[in-house]
Amino acid sequence: MLFLYMLQGYKLFTVTHRTTDVSQIGDFLIDAPDDQALEKKLKKIKAYFGISELMYLNTCNRILFFMYKPEAIDVNAFFYAVNEKLRNMSGSLNQSIEYYEDELAIHHLYEVASSVDSLVIGEREILRQLREAYQKCKTQFCITGDKLRIAMQMTVKSAKMVYGNTRIGEKPVSIVSLAVKKLLQTSPPDNARVIIIGAGQTNVLMSNFLKKYNFKDVAVFNRTLGKAEELADRLHGQAFTLDGLQTFDKGFDIMIICTGSTAKFLDQKIYAQLLQGENNQKIIVDLSVPSNIDPEVLANNDIHYIKIDSLKKLAADNMAFRKKEISKVKEILADRVVEFKEIYRQREIERDHSHIPTEIKAVKEKALNVVFKKQLANVDPDTRLLIEEMMTYMEKKCIAVPIKKAKKDQLV
Ligand SMILES: NC(=O)c1ccc[n+]([C@@H]2O[C@H](COP(=O)([O-])OP(=O)(O)OC[C@H]3O[C@@H](n4cnc5c(N)ncnc54)[C@H](OP(=O)(O)O)[C@@H]3O)[C@@H](O)[C@H]2O)c1
């Protein structure tokens, strides 16, 4: 028996932000309206290319197919099966797809799970996405098997080791989480009055944190009232259009402003209205680019100002810090791939000898119930019990002998 110790058969095809504009990654998706359609398509691809095991991951900046099939696969044909429209790309298709096989496929999977291949290095969300994708392909679609199982098991173990033994995920790099961190450093009470201006993606993310930290007194202002209402509902707050800023009379302690407007519409007149005559220091988190706040407001009022420029600088410093950890991660992963080879080798031997327990058990059963049946009928119950226990002991020992020998032979 020739064991494929070099992890032959694993293949990984991927399209990522590194090779393809994020807006075009969607072309490499399996176009399926629901899970049922996705399952059907994946099973069709699996059968057509004779793939033994398959899993599929799709995130906003990564499409990944991980599979087991010892024979070669025409990668272009594979992606044409994923999406017929890709035939039109023929030339540039090869530049978009990265292809890994055998040990390199495992290594790449480890890197993905450990987030060194991510757009935002150190963002461990990818590990969750990878595990969920595998679970779906395993339990819901039933298109994986033992080879992918051990690969994923070792991938998760390796990624956890990376996150636990390096500082790759430690310092926040998202503007929103840095903004929240700065805001919390001012120790605001949870009954602080919060004004949110803008109800786009960034403020929706900000609102998740406001909810988490239990801010209850919130007013949302936005150009489109419907979106202000949606955001306000999440926080049990009130919603207004931007005009509402001119008449709002509840006062505020914290302002979070982030819109796509290029105008400095928050002028001294509106600010004075919002102040309602209060003169204590206010906190402003300003994430708009460019800022919507008139410089006069910042110059003439007592404001603890958290601005996007400083957050961007912090994000860049923290990202540089994370990048420095990459070499440590790579060292860990190189060792883990060596470990995987050993685990895989042992598993192959166990698989190859999987018939032995059944065969030896059958020999035992035949001895007890056929060959020595008459003789056993004449012995007393205690003796019979002892004989059966001895047979069971022999059965276990006999099963272990050939597996042990095979493992030893392969090490020579
Ligand atoms: N560089 C970074 O890292 C970073 C990070 C965070 C934020 N930002 C900046 O934050 C801003 C918004 O980002 P986002 O992700 O929240 O965008 P988004 O999801 O597109 O939302 C845009 C928001 O701005 C409002 N808006 C757009 N044009 C407007 C105008 N002319 N007047 C008044 N309101 C207007 C929209 O109101 P409607 O609902 O009415 O459309 C919506 O609330 C951008 O300037 C972006 O550059 C940058």
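The chain is numbered in sequence order, starting from 1. Atoms within a ligand are numbered from 1 in the order they appear, just like the ligands themselves.
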**OP:** For ligand 1, find out whether one of its N or O atoms is nearer than 3.5 Å to an N or O atom of N203.
**Re:** no

Original post:
Where's the contact between L242 and ligand 1, heavy-atom distance under 4.0 Å: side chain, backbone, both or neither?
Top reply: side chain

Original post:
Hey, does L311 sit under 4.0 Å from ligand 1 if you only count heavy atoms?
Top reply: no

Original post:
What part of Q201 sits under 4.0 Å from ligand 1 if we count only heavy atoms: the side chain, the backbone, both or neither?
Top reply: both

Original post:
Short list, please: which atoms of ligand 1 are under 4.0 Å from a heavy atom of K227?
Top reply: 39 (O)

Subject >> Main-chain N/O of I256 paired with D286 side-chain donor or acceptor, under 3.5 Å >> reply: no

Subject >> Heavy atoms of other groups near K216 NZ, more than 12 under 6.0 Å >> reply: yes

Subject >> Within-cutoff protein neighbour (heavy atom, under 4.0 Å) for atom 9 (C) of ligand 1 >> reply: yes

Subject >> side chain to side chain contact (heavy atoms under 4.5 Å, CB included) between V112 and T16, intermediate numbers included >> reply: CA-CA 11 Å; V112 170; T16 71; over 6 Å; no

Subject >> Element-labelled atoms of ligand 1 that are located less than 4.0 Å from some non-hydrogen atom of I308 >> reply: 4 (C), 5 (C), 48 (C)

Subject >> Rounded distance (nearest 0.5 Å) linking atom CD of E325 with atom CG of N165 >> reply: 10.5 Å

Original post:
Just wondering, are more than 12 heavy atoms of other shown residues or ligands nearer than 6.0 Å to CD in Q36?
Top reply: no

Original post:
Does CD in E71 sit with more than 12 non-hydrogen atoms of other residues, nucleotides or ligands closer than 6.0 Å?
Top reply: yes

Original post:
Any idea which of T202, I196, V204, L178 brings a heavy atom closest to atom 15 (O) of ligand 1?
Top reply: T202

**OP:** For the residue pair Q346 and E342, confirm or rule out a side-chain donor-acceptor distance under 3.5 Å.
**Re:** yes

**OP:** Output yes when K313 and D309 qualify as a salt bridge under the 4.0 Å nitrogen-oxygen rule, no when they do not.
**Re:** no

Subject >> Enumerated ligand 1 atoms positioned under 4.0 Å from heavy atoms of A199 >> reply: 43 (O)

**OP:** Could you tell me whether some N/O pair between G260 and ligand 1 is separated by less than 3.5 angstrom?
**Re:** yes

**OP:** Mind checking whether T224 contacts ligand 1 via backbone (N, CA, C, O), side chain (CB onward), both or neither, at a 4.0 Å heavy-atom cut-off?
**Re:** both

Original post:
Does C258, backbone or side chain, put an N or O under 3.5 Å from an N or O of ligand 1?
Top reply: no

Original post:
Which of the numbered atoms in ligand 1 are below 4.0 angstrom from a heavy atom of L287?
Top reply: 7 (C), 8 (N), 9 (C), 10 (O)

Original post:
Among protein heavy atoms, which lies nearest atom 11 (C) of ligand 1, and at what distance?
Top reply: T259 O, 3.3 Å

**OP:** Under 4.0 Å, heavy atoms only, figure out whether ligand 1 is touched by the backbone of I175, its side chain, both or neither.
**Re:** side chain

Subject >> Distance-only side-chain donor-acceptor flag, N222 / E229, under 3.5 Å >> reply: no

